Amino acid sequence: MAEELSLIDFWTAPYGMRVRIALEEKGIQYQFIKEDLSTLDKSPLLLKMNPIHKKIPVLIHGGRPICESLIILQYIDEVWNETSPLLPQDPQQRAHARFWADFVDKKVYECVTNMWKKKGEALEAAKKEFIETFKLMEGAMGDDLFLGGETFGFLDIALIPFTAFFNTCEIFGNFTIEPELPKIVAWAKRCNERESVSKVLPNPPKAYEVICLARKLQGIE
Ligand code: GS8
């Protein structure tokens with residue numbers, strides 16, 4: 001019998017979306033365990049499974065936890081290695097994909113959240129940084145169809161959840177992303193043609209609603 005697989009997650013959490021897209025790509029069945037992020041209390045299961053960071057997503061495979069979304073993606077790719085490889089085979093291309101995925105974690109997340117956290121001059125600076133950061137991602141893509149080359153994979157999965165909040169960024173930043181970042185917008189549309197992505201990403205009104213709630217919880221009005 002296959003070992004039990006479950007995921008502690010919340011449906012609009014971008015890091016959790018990564019894991020759900022990877023599981024969809026591989027056609028893997030799992031149990032979704034909802035962690036309510038609208039309260040400050042963490043569930044006993046999350047505290048037990050991720051005592052270090054106390055964050056979602058956590059994949060639980062055969063009772064053992066795997067934490068940190070990029071590590072989870074690599075775990076999934078190693079364990080279910082017979083279908084839809086996520087990372088490229090070539091070591092140099094693998095290193096490239098990992099480098100840019102790390103860049104997404106170090107830079108992109110903050111750029112996106114700043115768009116709904118900042119105001120006034122700080123928001124103008126955030127907008128500039130947002131465009132500059134995604135321009136770098138456009139550079140990384142070159143003339144390829146996807147971030148990792150001609151096929152959808154690890155790096156696309158690392159970045160695509162954040163694009164679900166583009167419309168929200170446009171509303172708070174009072175700007176339009178497509179003229180500034182045409183390649184990234186075209187890439188995001190291409191990714192959304194995949195069922196694994198369209199099934200997992202929230203639609204723009206839902207993403208906006210969630211961010212408005214997060215702003216309220218954090219006392220930003
Ligand atoms: C980040 C996880 C994270 O921030 C990863 O898995 O890649 N580096 C980690 N998770 C958020 C939800 S997604 O926005 C989370 O758990 N937040 C709750 C909290 O910080 O208490």
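For ligands, and for the atoms within them, numbers begin at 1 and follow the listed sequence. The figures that follow rest on heavy atoms only: side chains count, while hydrogens, waters and symmetry mates do not. Since this is a predicted model, take the numbers as computed values, not measurements.
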(message) Within the 4.5 Å heavy-atom criterion, are Val19 and Asp9 side-chain neighbours or not?
(response)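 The answer is no, as the side chains (C-beta and beyond) never meet within the 4.5 Å cut-off.
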(message) ring-ring contact (aromatic ring centres under 6.0 Å, His included) for Tyr208 and Phe172? Distances and angles first, verdict last.
(response) CA-CA 10 Å; Tyr208 179 71; Phe172 288 113; 5.7 Å; yes
(request) Starting from atom 7 (O) of ligand 1, locate the nearest protein heavy atom and write down its residue, its atom name and how far away it is, to 0.1 Å. (result)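 Answer, as residue, atom name and distance: Ser69 OG, 2.6 Å.
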(request) Would you check if the distance from the ring center of Phe103 to the ring center of Phe99 is below 6.0 Å? (result)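 No, they do not, as the ring centres are separated by 6.0 Å or more.
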(message) My understanding is that we take every heavy atom of each candidate and find the minimum distance to atom 14 (O) of ligand 1. Doing that for Pro14, Ala214, Ala158, which one comes out nearest?
(response)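 Looking at heavy atoms only, Pro14 sits closest to atom 14 (O) of ligand 1.
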(message) Which option wins on minimum heavy-atom distance to atom 21 (O) of ligand 1: Lys42, Arg18, Met17, Glu68?
(response)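 Among Lys42, Arg18, Met17, Glu68, the closest heavy atom to atom 21 (O) of ligand 1 comes from Lys42.
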(message) Parallel, tilted or perpendicular: which one describes the rings of Tyr15 and Phe162, with boundaries at 30° and 60°?
(response)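 Correct class here is perpendicular.
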(message) Please report whether ligand 1 has a polar contact with Ile56, defined as an N or O pair separated by less than 3.5 Å (distance criterion only).
(response)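 Yes: some nitrogen or oxygen of Ile56 is under 3.5 Å from one in ligand 1.
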(message) Within the 4.0 Å heavy-atom shell around Pro57, which atoms of ligand 1 are there?
(response)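 Answer, ordered by atom number: 6 (O).
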(message) If we count only N and O atoms by modelled type, under 3.5 Å, do the side chains of Ser43 and Glu35 hold a donor and an acceptor together?
(response)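 Yes - a donor-acceptor pair under 3.5 Å links their side chains.
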